[in-house]
2 protein chains.
Amino acid sequence: MPKRVDHEERRAQIAEALIQVAGRRGLHAVGMRDVAAEAGVSLRLVQYYFETKEKLLFYGLQHLTARFTARVGARLAAAGPDPGPRAMVEELLLASLPTDDESRTFHLLYSSYAILSVTDEALAAQPFIDNPDAAEHALTGLLEQAQASGVADPDADARTEAISLLAMAATLGTSILVGQRRPESAIAVLRHHLDRIFTTAETPERGAGRG
Amino acid sequence: MPKRVDHEERRAQIAEALIQVAGRRGLHAVGMRDVAAEAGVSLRLVQYYFETKEKLLFYGLQHLTARFTARVGARLAAAGPDPGPRAMVEELLLASLPTDDESRTFHLLYSSYAILSVTDEALAAQPFIDNPDAAEHALTGLLEQAQASGVADPDADARTEAISLLAMAATLGTSILVGQRRPESAIAVLRHHLDRIFTTAETPERGAGRG
DNA sequence: ACATTAGTGGTACGGTCGTACCACGAAGAA
DNA sequence: TTCTTCGTGGTACGACCGTACCACTAATGT
């Protein structure tokens with residue numbers, strides 16, 4: 001057993017285990033022993049790297065959001081350099097829907113943390129609302145940019161539409177999670193509103209294409 | 001101490017206690033002893049009327065939804081006989097926002113149950129999705145009725161708009177709950193979409209008024 | 001070589017939680 | 001009246017959970 005372990009790496013590994021087991025059995029049902037078993041380490045190790053369960057949970061939240069933000073960024077990058085604003089917005093919204101294991105886990109756990117934060121002030125004090133606010137701001141910017149480019153309804157209120165789209169995506173995601181709705185149905189609803197806001201179809205050949 | 005107690009009344013009283021304490025400290029933090037203390041009865045009594053905690057939680061969910069459905073109905077009735085379709089829809093959506101203690105508790109607990117049902121199959125088996133489906137169906141009907149009356153955009157897809165409005169109301173409610181958004185902001189967003197769907201302003205003097 | 005310290009394991013402790021068990025009083029049935 | 005049964009209280013039990021404690025190993029510093 002080597003000495004001088006990279007603490008941050010170890011903490012990330014344990015946080016990953018927390019996310020996995022919490023995604024399976026629910027955040028409320030996860031204990032230190034479960035996390036240790038999932039990570040393949042001893043209970044003492046989890047205690048060593050996170051002194052308390054509260055700190056483990058906080059770190060897990062940070063790790064969860066960082067991980068998913070990176071994933072969404074990667075999906076955006078994979079959509080090619082400078083896709084249309086509509087494609088960008090659509091990718092952003094659809095990426096948040098729980099359509100595979102990772103997004104499903106993210107949606108479930110993020111919602112769990114959010115609900116928990118209502119009655120847990122220590123969790124509420126965590127930088128939590130920053131993420132929705134950032135998403136709202138980013139989406140508003142994209143819509144305004146689309147309006148300036150003439151591909152979105154210039155009379156629309158970009159901020160209100162951004163809030164609306166994100167709000168719909170969130171609940172639609174939850175309804176997928178609980179099995180009320182199928183992903184295609186949720187996507188159709190979101191696309192309907194994008195069709196309403198964006199005035200032109202995708203025309204990848206106009207403007208600065210791929211050069 | 002009188003004999004022959006009305007079981008249903010007692011169960012309702014205990015369920016009420018469950019809702020109160022869960023609304024304050026979170027559904028995850030509520031125990032049988034807390035419920036008993038809140039209801040002013042002994043732990044044994046809670047056991048007597050609900051053999052197990054699981055049954056207590058199930059009954060609490062039923063009680064919660066029944067209670068809130070009744071409240072929304074009362075608010076609709078208080079809006080006067082035959083208000084316009086728009087007023088009806090607006091009342092319905094706004095009633096679901098957490099703007100006072102009772103609606104706040106409802107929103108918090110219903111969300112908690114929903115999230116819990118994702119990883120708890122016994123809870124998922126409970127008639128849970130019926131409520132959103134019923135709301136969706138009812139709202140769709142109201143919108144179609146508004147279209148038939150000529151007060152709503154006839155080109156709109158009533159079902160899609162109903163889903164969208166409910167989805168927005170849900171997430172906006174949660175954002176109020178976590179302190180991200182103020183109720184007025186949420187109401188403004190909803191009203192924006194009602195203005196988009198409904199083509200005429202409220203004209204209470206047309207049609208069959210109060211007689 | 002020796003002392004120190006980071007890393008790791010095992011385990012015990014105190015508390016809490018859901019449930020089960022035991023006892024007793026009082027209303028209805030005979 | 002006597003017996004049964006419903007309602008009620010108190011309490012104990014077993015399990016689990018988060019945390020603390022103790023021991024041991026192996027690198028690091030001098």
Side-chain angles (χ1 to χ4, degrees), chain A residues 1-22 24-61 109 112-113 116 119-123 126, chain B residues 1-22 24-61 109 112-113 116 119-123 126:
Chain A
M1 303 105 174
K3 271 300 188 59
R4 233 43 181 224
V5 176
D6 183 338
H7 272 224
E8 211 48 43
E9 188 180 342
R10 200 70 112 156
R11 286 161 67 90
Q13 173 203 350
I14 295 177
E16 204 69 38
L18 162 68
I19 290 170
Q20 293 307 316
V21 64
R24 279 200 308 270
R25 302 212 289 258
L27 189 60
H28 69 284
V30 58
M32 308 275 287
R33 288 167 176 84
D34 303 302
V35 174
E38 179 80 15
V41 300
S42 71
L43 168 62
R44 182 65 182 86
L45 256 278
V46 180
Q47 275 189 269
Y48 183 72
Y49 290 102
F50 305 90
E51 278 106 59
T52 175
K53 186 187 183 183
E54 189 177 51
K55 291 178 183 171
L56 170 61
L57 287 178
F58 288 175
Y59 189 91
L61 173 58
L109 295 188
S112 300
Y113 275 112
L116 227 48
T119 49
D120 185 330
E121 58 176 297
L123 193 54
Q126 217 69 3
Chain B
M1 303 107 175
K3 272 299 186 63
R4 234 43 184 218
V5 176
D6 183 337
H7 273 221
E8 210 48 43
E9 188 180 345
R10 201 71 113 155
R11 286 162 68 90
Q13 172 203 351
I14 295 176
E16 202 69 37
L18 162 68
I19 290 169
Q20 293 307 316
V21 65
R24 279 200 308 270
R25 303 212 288 260
L27 189 59
H28 68 286
V30 57
M32 308 274 289
R33 288 167 176 83
D34 303 301
V35 174
E38 179 80 15
V41 300
S42 72
L43 168 62
R44 182 65 183 86
L45 256 279
V46 180
Q47 276 190 270
Y48 184 72
Y49 290 102
F50 305 90
E51 278 106 58
T52 176
K53 186 187 183 184
E54 190 176 52
K55 291 179 184 172
L56 169 61
L57 287 177
F58 288 174
Y59 189 92
L61 173 58
L109 295 188
S112 300
Y113 275 112
L116 227 48
T119 49
D120 185 329
E121 58 176 296
L123 194 54
Q126 217 68 3

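Chain A is the first sequence line, chain B the second, and so forth, proteins listed ahead of strands; every chain is numbered from 1.
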Could you tell me whether the phosphate oxygens of D:dG7, OP1 or OP2, come under 4.0 Å of any side-chain nitrogen or oxygen in B:Tyr48? yes
In whole Å, what is the span from the CG atom of B:Leu18 to the C1' atom of C:dG18? 15 Å
Does a side-chain N or O from B:Arg10 land closer than 4.0 Å to OP1 or OP2 of D:dT8, or not? yes
Please evaluate the base of C:dG18 for a donor-acceptor partner in the side chain of B:Arg33 within a cut-off of under 3.5 Å? yes
When you measure from the side chain of B:Arg11 to the backbone of B:Tyr49, do you find a donor-acceptor pair of N or O atoms at a distance under 3.5 Å? yes
For the side chain of B:Ser42, counting heavy atoms from C-beta on, which of C:dT19, D:dG9, D:dT19 is nearest? D:dG9
If every non-hydrogen atom of B:Arg24 is compared with every non-hydrogen atom of A:Thr119, which pair is closest and at what distance? O-CG2, 3.6 Å
Taking CD from A:Gln47 and C1' from D:dG18, how many angstroms apart are they, rounded to a whole number? 7 Å
Please set out all donor-acceptor pairs under 3.5 angstrom arising from side-chain atoms of residues 28-37 of chain A, sequence neighbours excluded.
unit_1	atom_1	unit_2	atom_2	d
A:Asp34	OD1	A:Arg25	NH2	2.7
A:Asp34	OD2	A:Gly31	N	2.8

Sorted by position of nearest nucleotide on DNA chain C, 5' first, the leading residue of A:Leu45 and B:Val30 is A:Leu45
When every non-hydrogen atom of B:Gly60 is compared with those of B:Tyr113, the smallest separation belongs to C-OH, 3.9 Å
Given C:dG7, C:dT19, C:dT11, the nucleotide with the shortest approach to the side chain of A:Val5: C:dG7
Please give, in whole Å, the distance from C:dC21 C1' to B:Glu51 CD? 15 Å
A:Tyr49 side-chain proximity, nearest of D:dT8, C:dT8, C:dT19: C:dT8
Please report, rounded to the nearest Å, how far the C1' atom of C:dG18 is from the CG atom of B:Asp34. 12 Å
For the pair made of CZ in B:Arg11 and P in D:dG7, what is the distance, rounded to whole Å? 12 Å
When A:Gly31 and B:Asp6 are each assigned the nearest nucleotide of DNA chain D, the 5'-most assignment goes to B:Asp6
For B:Gln13 and B:Ala39, work out which heavy atoms get closest and say how close. NE2-O, 3.3 Å
Starting from P on D:dG18, measure out to CD1 on A:Ile14 and report it in whole angstrom. 14 Å
Whole Å only: how far is the CG atom of A:Leu43 from the P atom of D:dT19? 10 Å
Short side-chain N/O contact to D:dG7 OP1/OP2 from B:His7, under 4.0 Å: yes
Interatomic distance where CZ belongs to A:Arg44 and C1' belongs to D:dC22 [whole Å]: 10 Å
